[in-house]
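First up is the structure itself, then whatever we jot down about it.
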Amino acid sequence: MKFMKLGSKPDLFQSEGNNVRFVSSELATDVIIIVDEVKLYLHKFPLLSKSYRLQRLILEANCEGTDKINMNDFPGGPRAFEICAKFCYGMTVTLSAYNVVAARCAAEYLEMTEDVEKGNLIYKIEVFLNSSVLRSWRDSIIVLQTTTSLMPWSEELKIEGRCIDSIASKSSVDPSSVHWSYTYNNRPIISDNKITEIQQKNLVPKDWWIEDICELDVDLYKRTMVAIKSRGRMSSDLIIEALKAYAMRWLPDSHDTLVADDYIRRNKSLVETIIWLLPSDKASVCSCRFLLKLLKVVILVDSGCFLKEELMNRISTQLDKASVKDLLIPSRSSGEIAYDVHLVQSLVNRFMIQERSARDMDYDDCENRAAGLILGHASLLSVGKLVDGYLAEIGSDPELPMSSFIDLVQSLPDAARPTHDGLYAAIDIFLKEHPDLTKADKKRLCSLLDLKKLTPDASIHAAQNDRLPLRVVVQVLFFEQMRAASTAGTLKAATNNILNGSTRLTGEVEEEWEAPASDNCKSLEKQLRFLKVEEDERLRRETKNENEKDNKSRLLPSRSRRILDKFWAGKVQVVQNNRSSETSGSSQSPPTSANPVEASTTKSSGSSSRHRRHSVS
C-alpha cells in the first residue's frame with residue numbers, strides 16, 4: 001500500500017471527552033468548528049490561509065457576533081475535517097488508500113484550491129492519487145470501496161470512474177505482464193511437480209483478478225464488469241467465472257436467508273445484476289448448475305418474469321447437463337406440492353422443441369448430419385434419465401397430483417427411454433406414497449410402462465410387487481417367459497443352421513428329411529446329439545446355481561406362481577384343442593404336455609426319434 005506524508009510539525013490535537021477536540025498551544029483558540037456534534041477548538045489564522053470557504057464562514061460569524069461555525073453536512077465527518085485542519089497548521093498528516101478519498105472530498109468542500117495558496121491540499125492529493133494510488137491494483141480497489149460512503153462527492157470528483165478505469169485496464173493486461181500482488185485462493189488441484197513448475201516459471205493464471213473484485217459492492221461491481229467487458233479483451237468464459245465467484249461470495253445457500261427481510265432487497269439486486277452481466281454470445285457456455293441456482297434465487301426473491309424466462313431459455317439448451325438435485329426447486333405455493341413441477345415441465349418442453357428443431361436442420365454434408373444425430377440422441381437419453389430420476393424424487397410427495405406426474409412422463413418421446421427401469425422405480429415410489437389410488441388410476445399409471453423394456457432384475461421385482469395391478473403382473477410374467485423362450489430358441493436356430501447348411505424354405509427341409517440318408521446326415525446327427533448334451537449340461541448347472549442363491553430375491557411369490565401356472569395351463573389347453581382337430585402324422589410333434597417342462601422333454605424325444613428314423617432309412 002502506498003502512503004503520502006504531509007507537513008512536518010508534531011501533532012498537537014488532543015481530546016477532551018468523546019465530542020471535544022482542541023489544539024494544545026500557548027495561544028488561546030478563537031473559533032469553534034462543529035462537525036456532526038464534535039466540537040473542534042481552533043485558531044482562525046491557519047484556517048483562513050488555506051480555505052476559501054472558511055474565510056467566508058468566519059466572516060459571516062464575526063458579523064453575527066459569534067465564534068461558532070456549524071458544518072453538519074461535511075463529507076467524511078470529523079476525521080476528514082481534522083486532516084484538513086492539520087494540513088492548515090502544517091502538522092504531520094499521513095494519507096493512504098483508506099482516507100485519501102475522504103480527504104479529497106473534504107478539501108473540495110473547504111475549497112482548498114490553488115487560488116488560495118500554491119501547493120494546496122487539493123493539488124497534493126491529486127498528485128498522490130494519479131502517481132501512486134491509481135497505479136496500484138490493491139489500492140485502486142480499496143479506494144473504490146471507500147467512495148460508497150462519500151456519495152455524491154466522490155462521483156462528482158470522478159474518483160469512482162478513475163478507479164474503475166484503473167481496475168479494468170489492469171485486469172485486461174496479459175498475465176505475463178502482471179507484476180503486482182493479488183489474491184488467488186481458487187487454485188486447481190494439481191500435482192506437486194506441476195506446482196513447482198509454476199513457481200519456477202512465475203506463471204500468473206488468467207483469472208488472477210476475479211477474487212479481488214468480489215469484495216466490491218453490487219453497484220460498483222456492475223460498473224467495473226461493464227468496463228472490463230467494454231474493453232473487449234476478456235473472454236466470455238472468464239466473465240462467467242467472475243460472475244460465478246461473485247455469486248458464490250454473496251448469495252447465501254440458505255432458503256431462509258435468501259428471503260429474509262433484511263437481505264431480500266440486496267439479494268434481488270445481486271441476482272439481477274449477475275443475470276444482466278451474463279454474456280449473450282452463443283459461443284459462451286455457462287454451467288447448467290449455476291443457471292439453475294440463479295433461477296432458484298429469481299423465483300424465491302420474485303425478480304420478475306423477464307429474468308425467469310431468460311434463464312429458462314438458457315437452461316433448456318443444456319438441460320442434459322443438469323442433475324436431479326439442481327432441479328429440486330422449492331414451490332412458492334404454501335400448503336401444496338414441495339417442488340415446482342410445472343417449472344421442470346416447462347424446461348423439458350422447451351428442450352424438446354429445440355431438440356426437434358435441431359434434428360430438422362439441414363446439414364452441409366452427411367458427416368455433419370450423422371454427428372448431429374448422434375449428439376442429439378445422446379442428449380435426449382441424458383434428459384430421459386434425468387427426468388426419471390426427478391420423478392423418483394417428487395413421487396414421494398403425498399401432495400403431488402397424478403396428472404402432473406403423468407404429464408411429465410409423457411413430455412418425452414419413447415426414444416428417450418431405452419429401458420424403463422427408472423420409470424418403473426418412479427411409478428413404484430408414487431404408488432407407495434399414494435395408497436388410496438383407485439384401480440383405474442393405477443391402471444392408467446402403469447400403462448405408461450413398456451414392460452418389454454424392463455431388465456430381468458426389474459421384471460423380477462415387478463412380478464413380486466403387490467402394489468401393481470394383477471394384469472400388469474401377468475404381462476410381466478408373460479414377457480419374461482417370452483424372453484426365456486427366445487433365449488432357448490437361439491440354440492435351436494443354431495442347430496437348424498447346422499442341419500440345413502444355410503437358410504432354406506420349409507419345403508426344401510421336408511425334402512431333405514425324405515431323402516436317403518448319407519454320411520453327411522450321420523455326421524450332422526452326431527453334432528446335434530453333442531449340442532443337445534451340452535445344452536442339458538448347461539441347464540443343469542444353471543438350475544443348481546439358481547437354487548444356491550437367495551430364494552427370497554429370486555423365487556416368485558405364491559401369487560405370481562399361481563398366475564403363471566394358470567396362464568400356461570390355459571395356453572396348453574388351447575394348443576391341445578387346436579391339435580386334436582388336425583390329422584396326426586409321422587412328421588408332426590407329439591401332443592404338448594400340461595407341464596411346460598414335460599412338453600419340452602417330449603418334444604426333444606420326438607425330435608430325436610425322427611432323426612433316428614431318418615438315419616436308419
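Computed from a predicted structure; not experimentally measured.
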Where [X] and [Y] come nearest, the two heavy atoms and their spacing:
X: I337; Y: S331; answer: O-CB, 3.4 Å
X: L454; Y: D421; answer: CA-OD1, 3.6 Å
X: C446; Y: L468; answer: SG-CD2, 3.9 Å

Return each pair, listed once, that meets side chain to side chain donor-acceptor pair (under 3.5 Å) where at least one residue sits in [range]; pairs must be two or more places apart or across chains.
range: residues 296-305; value: none
range: residues 429-446; value: T438-D441
range: residues 402-416; value: none

Any pair counted as ring-ring contact (aromatic ring centres under 6.0 Å, His included), so long as it reaches residues 299-321, sequence neighbours left out: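 As it turns out, there is no ring-ring contact (aromatic ring centres under 6.0 Å, His included) pair with a partner in residues 299-321 once direct neighbours are skipped.
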Side chain to side chain contact (heavy atoms under 4.5 Å, CB included) against [X], all qualifying residues, sequence neighbours excluded:
X: S280; result: none
X: N313; result: R350
X: S382; result: D320

Which residues share a ring-ring contact (aromatic ring centres under 6.0 Å, His included) with F405, sequence neighbours left out: F430
What pairs with [X] under side-chain hydrogen bond (donor to acceptor under 3.5 Å, both in side chains), at least two apart in sequence or on another chain?
X: Y424; answer: H461, N465
X: N349; answer: Q345
X: D397; answer: none
X: N267; answer: none

Would D326 and C288 satisfy side-chain contact (heavy atoms from CB on, under 4.5 Å), going step by step from the backbone distance to the final call? CA-CA 9 Å; D326 298 330; C288 194; over 6 Å; no
Indicate yes or no for a side-chain donor-acceptor contact from Q464 to the backbone of I460 under 3.5 Å, with no hydrogens or angles considered. yes
Short side-chain to backbone donor-acceptor contact, S269 and R265, under 3.5 Å: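 Answer holds: no.
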Going from [atom1] on [X] to [atom2] on [Y], what distance comes out if it is rounded to the nearest 0.5 angstrom?
X: D253; Y: L258; atom1: CG; atom2: CG; answer: 8.0 Å
X: M225; Y: L243; atom1: CE; atom2: CG; answer: 5.0 Å
X: E480; Y: L451; atom1: CD; atom2: CG; answer: 10.0 Å

Let's go through Y339 and L400 carefully: what are the C-alpha distance in whole Å and the side-chain angles of both, what is the deciding distance for side-chain contact (heavy atoms from CB on, under 4.5 Å) to 0.1 Å, and is it a yes or a no? CA-CA 9 Å; Y339 300 109; L400 178 66; over 6 Å; no
Does CE belonging to M402 count more than 12 external heavy atoms closer than 6.0 Å?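 Above 12, so yes.
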